[in-house]
2 protein chains.
Amino acid sequence: MSYPTATLLASATKEDALRESVIVAAQRLFQHYGLAKVTLEDIAKAIGKGKSTLYYYYKSKEEIFTAVMDREIGEVMVEMAQAVESATTAEEKLCVFSLTKLRALRKKLALYGIVCKEVNSQAEFTCAMRQSYMKRESVLLRGILRFGIETGELGRLSPTDVEALVFVMLSGLHGMELEMMGNNNFEMLEPAVGILTRSLIHGLKS
Amino acid sequence: MSYPTATLLASATKEDALRESVIVAAQRLFQHYGLAKVTLEDIAKAIGKGKSTLYYYYKSKEEIFTAVMDREIGEVMVEMAQAVESATTAEEKLCVFSLTKLRALRKKLALYGIVCKEVNSQAEFTCAMRQSYMKRESVLLRGILRFGIETGELGRLSPTDVEALVFVMLSGLHGMELEMMGNNNFEMLEPAVGILTRSLIHGLKS
DNA sequence: TTTTCGACTGAAAAATCTTTTTAGTCGAAA
DNA sequence: TTTCGACTAAAAAGATTTTTCAGTCGAAAA
């Protein structure tokens, strides 16, 4: 870290507070206008500071954006983790994992005003979100799989194999979602999650 | 059709021959240089005719391109249909279907000099190919599923449900393929096809 | 009648040049 | 330690000109 190391607690707290206010302001602005249209001056003005001040707290615009995306993903993750926790079997956990993921991400995209057609053109957004997301998702997913293997609910396959399968499933659902968006035909999607998860689990058991 | 209707067999044959030579030349050129960089004059020169002559046989550049893509896909389809035919159970059929699809399409992409990173930028190519592909793929796929249902190999689900599941699986494999391409890590892909197909089938049976 | 082509058009793409915007730096001030 | 005004360089946006090329048309060749 190249930031000034806080020797006093008070000063650390103040710095943290300002770093926080930058993120809060940036998050709101990015949601409304997107990465490209929000300038550092916009963010600075929003917290009543000059542009150069931002560089005292963050070393680049990208760092700010990444921090915001990290927070967005964090919120999704909390939602997912809670849903997964409340499920009892690995099968149920996987189901709610997939469903919550679909719903939460869709909500986030809507928040940023991104509709299906634009998803691909908003590369910078999806890319940052994806990076941040993938890392945390596998932690959650691996937890579920370990659980299923410990309880004997998942069959003879290794965690790596199971993870590959679930990856394929999730990627497939994503592809399906895009396809459905094209036809404005979402009804098929969520039932498919259930059928697919159950199929996979039963397949793995046998 | 706005083309001159052939009243004589001989004239029809000559017209067909020229239409064919256009496609052959165009196919070679498109493979080397891509849709955008090949002009109608290039194609015309390749068959020793003037540009305007092409319009006597095809009504637009797109029609030529579509015809070429249709031929490419046709070749893939023949390969797939043969592989599927030689398999005996629905499970095996689905496996070779997926595997042949992955391999054949990868081969075609290589032929057109399209590497993973460019796939998205070559929208015109993938779009035309996809359209032509999807239609024929579902025919083949539905055949396999009907077979599995008739022989009782596939369980209680309706063909529509099964098709949705297989769609998710294929779309997932595609996503996985892209991911693997990023890491240059293909080994995981083909084994996954087998595991995934078996899982699905066993899941559907239960 | 069937097939070919040269000459033309319009619209879009490419290339060129100019102007504006803005991420990031720096040194001074609070 | 924290803030900011003034600056830079590089890229984006705009404006303008030039080139390319799909597609048309009417006449000529076969």
Original post:
To the nearest angstrom, how far is B/Lys51 atom NZ from C/dG6 atom P?
Top reply: 11 Å
Subject >> Residue met sooner reading DNA chain C from 5', once A/Ser52 and B/Lys49 are mapped to nucleotides >> reply: B/Lys49
Original post:
Taking CD1 from B/Ile47 and C1' from C/dC5, how many angstroms apart are they, rounded to a whole number?
Top reply: 13 Å
Original post:
Taking only side-chain nitrogens and oxygens of A/Tyr56, does any of them come within less than 4.0 Å of OP1 or OP2 of D/dC4?
Top reply: no
Subject >> Nucleotide of D/dT2, C/dT22, D/dA22 approaching A/Tyr57 most closely (side-chain heavy atoms) >> reply: D/dT2
Original post:
Closer than 4.0 Å, any side-chain N/O of A/Thr53 to the OP1 or OP2 of D/dT2?
Top reply: no
Original post:
Is A/Lys51 reaching over with its side chain to a backbone N or O of A/Ala44, donor-acceptor style, under 3.5 angstrom?
Top reply: no
Original post:
Using purine N1 to pyrimidine N3 plus N6-O4 or O6-N4 for Watson-Crick, or N1-O2 and O6-N3 for G-U wobble, both under 3.5 Å, which nucleotide pairs with C/dA15?
Top reply: D/dT16
Subject >> Ion pair check, A/Glu79 and A/Lys107, cut-off under 4.0 Å >> reply: yes
**OP:** Please give the nucleotide sitting opposite D/dT1 as a Watson-Crick or G-U wobble pair, both distances under 3.5 Å, or none.
**Re:** C/dA30
Original post:
Using 4.0 Å as the upper bound for N to carboxylate O, is an ion pair formed by A/Lys49 and A/Glu41?
Top reply: no
**OP:** Can you tell me the distance, in whole Å, between the OH atom of B/Tyr55 and the P atom of D/dG23?
**Re:** 4 Å
**OP:** Using atom NZ of A/Lys45 as one end and atom C1' of D/dC4 as the other, report the distance to the nearest whole Å.
**Re:** 14 Å
Original post:
Could you give the CD-to-C1' distance, from A/Glu41 to D/dT3, as a whole number of Å?
Top reply: 14 Å
Original post:
How many Å lie between CD1 on A/Ile64 and C1' on C/dA23, as a whole number?
Top reply: 11 Å
**OP:** Let me know the distance between NZ of B/Lys37 and P of D/dA22, rounded to the nearest Å.
**Re:** 15 Å
Subject >> Nearest-Å distance for atom pair CZ/P, residues B/Arg19 and C/dT4 >> reply: 13 Å
